[in-house]
Protein chains: 2
Amino acid sequence: MTNPTESLSSSLTVDCVIFGLDASSRLKVLLIQRGHEPFEGAWALPGGFVAKYEPLEDAASRILREETGVSDVFIEQLYTVGTPNRDPRGRVVTVVYYALINLVEQSTATKSDNKAVEWYPIDNLPQLAFDHADIMKMAIQRLRGKVRYQPIGFELLPESFTLTQLQNLYETILGKELNKRNFRTKILKMDILKEGSILRGVAHRPAQLYRFDEAKYQDYVKRGFNFEL
Amino acid sequence: MTNPTESLSSSLTVDCVIFGLDASSRLKVLLIQRGHEPFEGAWALPGGFVAKYEPLEDAASRILREETGVSDVFIEQLYTVGTPNRDPRGRVVTVVYYALINLVEQSTATKSDNKAVEWYPIDNLPQLAFDHADIMKMAIQRLRGKVRYQPIGFELLPESFTLTQLQNLYETILGKELNKRNFRTKILKMDILKEGSILRGVAHRPAQLYRFDEAKYQDYVKRGFNFEL
DNA sequence: TCAAAAGTGTTTAGTTTACACCCATGC
DNA sequence: GCATGGGTGTAAACTAAACACTTTTGA
C-alpha cells in the first residue's frame, strides 16, 4: 500500500558498476577518484542523483553515457542499498545498476573532465569509498551467476568473436579453466551463434568468427529452450 | 559518486510479495484490498513507508510482521521500481521485497484490523493496483529461477517434510511434472537433508520425514558445491 | 621449419530419462 | 483386500570429462 501523503525526504541516487572486457580478456570495472570529502582521494563507483521525473534506468544510462560516452549497451538493475549511515552526510538511498561493455570496439573515451577515471581489473581493486566494496562483490557475484544461464557474456565481447575469446571470457568470469573441446561442442550445439568471416592476418591458423544470433536465441527461448553453460 | 547536498524529495516505500504454501501445495500470495483512492477496492501488495532512519530490509520485515504476525522468515530484495507516474499522486520509489513462509505451521494470523486481507493462488490473481501486476510477474519469475539453484524451497515447507511434499512444491513453482524416481535420487544424492521421524497415521505406507540440513549445506558450499535441481 | 593458436576424434565415466514394479498402511 | 501414496531396480540414451592429435597460418 503506497500512500505518499506523508513523504520522506531522502536522497535518491544511482550508481553504476560498469564492467568492461579489454583486449587481453581481462575483466575491468570503471572507477572514479573522489575529489572531495568524504572519502577524498578514494575510488568510487560512478553515480549521481536521480532527477525529479527521471526513470531510474534512464538515470543509470545517463551516468554511463556521461562517464564513458557509451550508450545502447546492456544495463540492468543490481540492488538498492539504503543503510542509514552509509553516507556520513545523511541518508542516501542508492539504486545500483551494472552495465556490460566491450573495451575494444567502444571508444572508451573516458572524458577526463578533470576527474581521475580509471579501469581497474576486478581482481586488483583499490580501496573503495562508502560501501562500494560490498556493492562490487555483489555485482561480480551477479555476473558470475547470470553468465551461466543467460547469454549476457556476448555483451562484453565485440560484435564478432572467436570461440577462444568466448571461452577466455567465461574462464575469466567463472574463475576456472574450461576444457576447449567440451566448451566448443556445448556452445555450438546450442545453435545460437552464426558464423561470420575468418580472422586472417594472425601468425597461426585463422579462426572462424561468430556472432550471437539474438533472433534465433529468442526463438528457441519461446519454445522452452534454456541457455546454460 | 554520491553527493546529497542537493536532495530530491520523493516518497520511499517498501512493498512485499509474500509467498505462502498451503496444505495442498498451492502457492499463494498475500494481498490487501485498498480502502481508498487511488485504486479503491482493488487488490495490492502490502507495503508502507520507510521510516527516516530505518534500514530498507527492516522496513520490509516490519510490514511482513504487521500483515502476517510472522517474523524470522526468508526475505530478500527483489527490485526497485520508480517509474515517474506509477502512482498518480506523485513520484514514489518502491523497493520490493519477497518473502517465503509456510502457511500450515505459521499461524497466518492475518490480523483483520478492518482491512480486507486475502491469500490468493498465484495462478488466479485478481486485478491489481498500480504496477503490482508487473511486480508479481517479476517475483514469480525470480522464485522460479532461484528455486533451481538455491535451496530456498525449504523456506516454504514446514520444518519437517516428506519428499513428496518437496516434489509437489517444485512442480508447483516450476509449473511442470517431475519424475518421482529421479527427483528422489537427485535430491538425496546431494546429501543436504537429514532424516527425521516417520509420518504415521496415514492410510498408506508411512513416509520418511526430512529436514533441510543448513549446516551441512553451508559446509558443502564452502567446498564448492552448487545446489542445483 | 617452427611456434602458436585453431580445430577435431574418441574413449570412458557419469548422469538423466523413462518405465515398471514392490511396500506399508487404514479403512 | 483394496485404494493410496511411499519407495526401489534397472536399462537405454545422453552428457561431461579427459586426452591426444591434426590443421593452418606468419615469420
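Letters A, B, ... are given to chains in the order of the sequence lines, protein chains preceding strands, and every chain is numbered from 1. Quick note: numbers below take in every heavy atom, side chains included, and nothing from hydrogens, waters or symmetry partners.
- If you check distances only, the side chain of Arg181(A) does reach the base of dG9(C) with a donor-acceptor pair under 3.5 Å.
- Between the CG atom of Leu209(A) and the CZ atom of Phe161(A) there is a distance of 9.0 Å, given to the nearest 0.5 Å.
- Classification of Lys146(A) and Glu76(A) as a salt-bridged pair holds, one side-chain N sitting under 4.0 Å from a carboxylate O.
- Considering only side-chain N and O atoms, Lys186(A) lies under 4.0 angstrom from the phosphate OP1 or OP2 of dA16(D).
- The residue among Ala203(A) and Thr162(A) whose nearest nucleotide of DNA chain C is located toward the 5' end is Ala203(A).
- Protein atom CG of Leu209(A) is 15 Å distant from nucleotide atom C1' of dT24(D), rounded to whole Å.
- Side-chain proximity of Arg184(A) to dA6(C), dG6(D), dA17(D): nearest is dA6(C).
- Between the CZ atom of Phe183(B) and the P atom of dA18(C) there is a distance of 17 Å, rounded to whole Å.
- For the pair Leu163(B) and His204(A), nearest-nucleotide mapping onto DNA chain D gives the more 5' position to Leu163(B).
- Gln208(B) places its CD atom 18 Å from the P atom of dC23(C), with the value rounded to the nearest Å.
- The distance between atom NZ of Lys180(B) and atom P of dG5(D), rounded to the nearest whole Å, is 11 Å.
- Between the side chain of Asn179(A) and the base of dA17(D) there is no donor-acceptor pair of N/O atoms closer than 3.5 Å.
- Projected onto DNA chain C by closest heavy-atom contact, Gln165(A) and Gly201(B) fall at different nucleotides, the more 5' of which corresponds to Gln165(A).
- For the atom pair OH of Tyr210(A) and CD of Glu195(A), the computed distance is 4.5 Å after rounding to the nearest 0.5 Å.
- For the pair Arg200(B) and dT25(C), the criterion of a side-chain N or O lying under 4.0 Å from OP1 or OP2 is met.
- The side chain of Pro206(A) approaches dT25(D) more closely than any other nucleotide in the set dA6(C), dT25(D), dT8(D).
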Query raised in the report: Stepwise, does the side chain to side chain contact (heavy atoms under 4.5 Å, CB included) test hold for Gln208(B) with Ile198(B)?
Result: CA-CA 5 Å; Gln208(B) 175 67 54; Ile198(B) 307 284; 3.3 Å; yes

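- At dA6(C), one or more side-chain N or O atoms of Thr164(A) fall inside 4.0 Å of OP1 or OP2 (strictly under the cut-off).
- Separating the CG atom of Leu188(A) from the C1' atom of dT15(D) is a distance of 16 Å, rounded to the nearest angstrom.
- Side-chain N/O atoms of Arg205(A) and base N/O atoms of dT25(D) include no donor-acceptor pair closer than 3.5 Å.
- Within 6.0 Å of the CD atom in Glu228(A), the count of heavy atoms belonging to other residues, nucleotides or ligands exceeds 12.
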